[in-house]
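Presented below is the structure to which this report refers.
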Amino acid sequence: MSIGNSPEDDRPSIGRALQQARIAAGLTVEEVSSSTRVRIPIVHAIEEDDFSRCGGDVYARGHIRNIARAVGIDPEPLVERFDADHGGRPAPTPAAPLFEAERIRSEPRRPNWTAAMVAAIVAVIGFVGFTFFNGGDDKPSNTAQVAEGSKPDKTAAKPTTTKPAAPKPVPSESAIAAAPRDKVTVKLDASQGKSWISVKDHNGRLLFDGLLLEGESKTFQDKERIDLVLGNAGAIELFVNGKQLQDRFEPGQVERLTYTKGDPEAG
């Protein structure tokens, strides 16, 4: 006596049912993957009843539901068959432990605005006090202040006195007398201030044209004649052929002078 198969045994597997529904709907695996966000290799594996690539039973149930909806069939019978083949649906997680964990979780620490305000007020008071005690008077900061009963600071800076520059020594008679007698020697000494001067030799060649500053001196020689132009003759002392000229010119006076060998003569 033969025993017939039960109707449940004639049902296609989960993967086969999904595949048949996809083909009947005229969809490709790529289209199902695009609409469900399930990767193509996983769709192929599920259609071959290989759920090892789903990453666990929870993900497998989710993929079955999404694919069943995409191909237009009811997902719940397929999910129930999956649970029956894989040890049943897992027991739901009690809500109480989750609630307790949520309740005992520490709240995020909020900034302590009161402490920040107190610190800011203290900083402001300190700055005002420092400014009051250090900058309240108008005395120069470099003035040495000695407290009552304390010893004065011996290292305090002492006022320095600037000594006037020593006057430039006038050339001695022996130095002036050393001027050669076969040439014209003219020495200009800006002892009373600065002056513009121009110096030419007997050929009219320019020997110097510029400013002679106070305290500076220059000496010029020629075998026949020296021509001078002094812009401020009163500031210049002249030494010609070893002799100092005694004639004094007025400050700001312009003089044109010519000197030759022998006793100096103004031209």
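No donor-acceptor pair under 3.5 Å is formed between the side chain of S217 and the backbone N or O of D189.
Within the model, atoms CD1 of I42 and CG of D50 stand 10.5 Å from one another, a figure rounded to the nearest 0.5 Å. To the nearest 0.5 Å, atoms CD (E216) and OG (S195) are separated by 11.5 Å. If you take CG on D201 and CD1 on I226, they are separated by 6.5 Å, rounding to the nearest 0.5 Å. Rounding to the nearest 0.5 Å gives a distance of 13.5 Å between NE2 of H202 and OG1 of T258. Rounded to the nearest 0.5 Å, atoms CG (L18) and OG (S13) are 8.5 Å apart. Between the CG atom in L230 and the CZ atom in R256 there is a gap of 10.5 Å [rounded to 0.5 Å].
The side chain to side chain donor-acceptor pair (under 3.5 Å) test applied to Q221 returns T185, not counting sequence neighbours. For L211, the side chain to side chain contact (heavy atoms under 4.5 Å, CB included) test picks out K194, W196, L213, with sequence neighbours left out.
Side-chain contact check for I46 versus F51: some heavy-atom pair is nearer than 4.5 Å. Inter-residue side-chain proximity for Y259 and N241 is flagged as unmet; no heavy-atom pair is nearer than 4.5 Å. No side-chain heavy atom of I197 sits less than 4.5 Å from a side-chain heavy atom of L228. Annotation: side chain of K243 is not in contact with side chain of V240 (no heavy-atom distance under 4.5 Å). Put simply, the side chain of F249 does not reach to within 4.5 Å of the side chain of I236, judged on heavy atoms. Residues N203 and D222 form no side-chain contact, since every pair of their non-hydrogen atoms from C-beta on lies 4.5 Å or further apart. Taking the side chain as every heavy atom from C-beta outward, Q192 and P251 never approach each other to under 4.5 Å. Looking only at side-chain heavy atoms (C-beta outward), I67 and R22 stay at 4.5 Å or farther from each other.
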Just do the side chain to side chain contact (heavy atoms under 4.5 Å, CB included) check on V38 and V32 with the steps written out, would you?
-> CA-CA 8 Å; V38 179; V32 172; over 6 Å; no
Evaluation steps, side chain to side chain contact (heavy atoms under 4.5 Å, CB included), between L78 and I73 | CA-CA 10 Å; L78 300 180; I73 62 175; 3.7 Å; yes
For L188 and L238, what are the C-alpha separation, side-chain angles and deciding distance, and is it a side chain to side chain contact (heavy atoms under 4.5 Å, CB included)?
-> CA-CA 5 Å; L188 297 93; L238 283 173; 3.8 Å; yes
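Under the 4.5 Å side-chain contact rule for hydrophobic residues, L257 and V229 do not share a cluster. The same ILVMFWY cluster, assembled from side-chain heavy atoms under 4.5 Å apart, contains both L27 and I40. Under the 4.5 Å side-chain contact rule for hydrophobic residues, F82 and V43 share a cluster.
No donor-acceptor contact under 3.5 angstrom links the side chains of S198 and D209, judged on distance only.
Nearest approach of R181 to K261, heavy atoms of both residues: O-CD, 4.1 Å. Residues E214 and S191 come closest through the heavy atom pair OE2-O, 4.0 Å. Scanning all heavy atoms of the two residues, the minimum distance from A70 to S35 falls at CB-OG, 3.9 Å. In this structure, L212 and K218 approach most closely via the heavy-atom pair CD1-CG, 3.9 Å. Minimum interatomic distance between T219 and K187 (heavy atoms only, all atoms of both residues): OG1-CG, 3.4 Å. When all heavy atoms are compared, the tightest approach of E250 to N232 is O-OD1, 4.5 Å.
Below 30°, between 30° and 60°, or above 60°: for H63 and Y59 the angle between ring planes is between 30° and 60°, a tilted geometry.
Between R65 and E76 a salt bridge is recorded (basic side-chain N to carboxylate O distance below 4.0 Å).
A salt bridge (Lys or Arg N to Asp or Glu O under 4.0 Å) check over residues 30-41, counting only residues at least two apart or in different chains, returns nothing.
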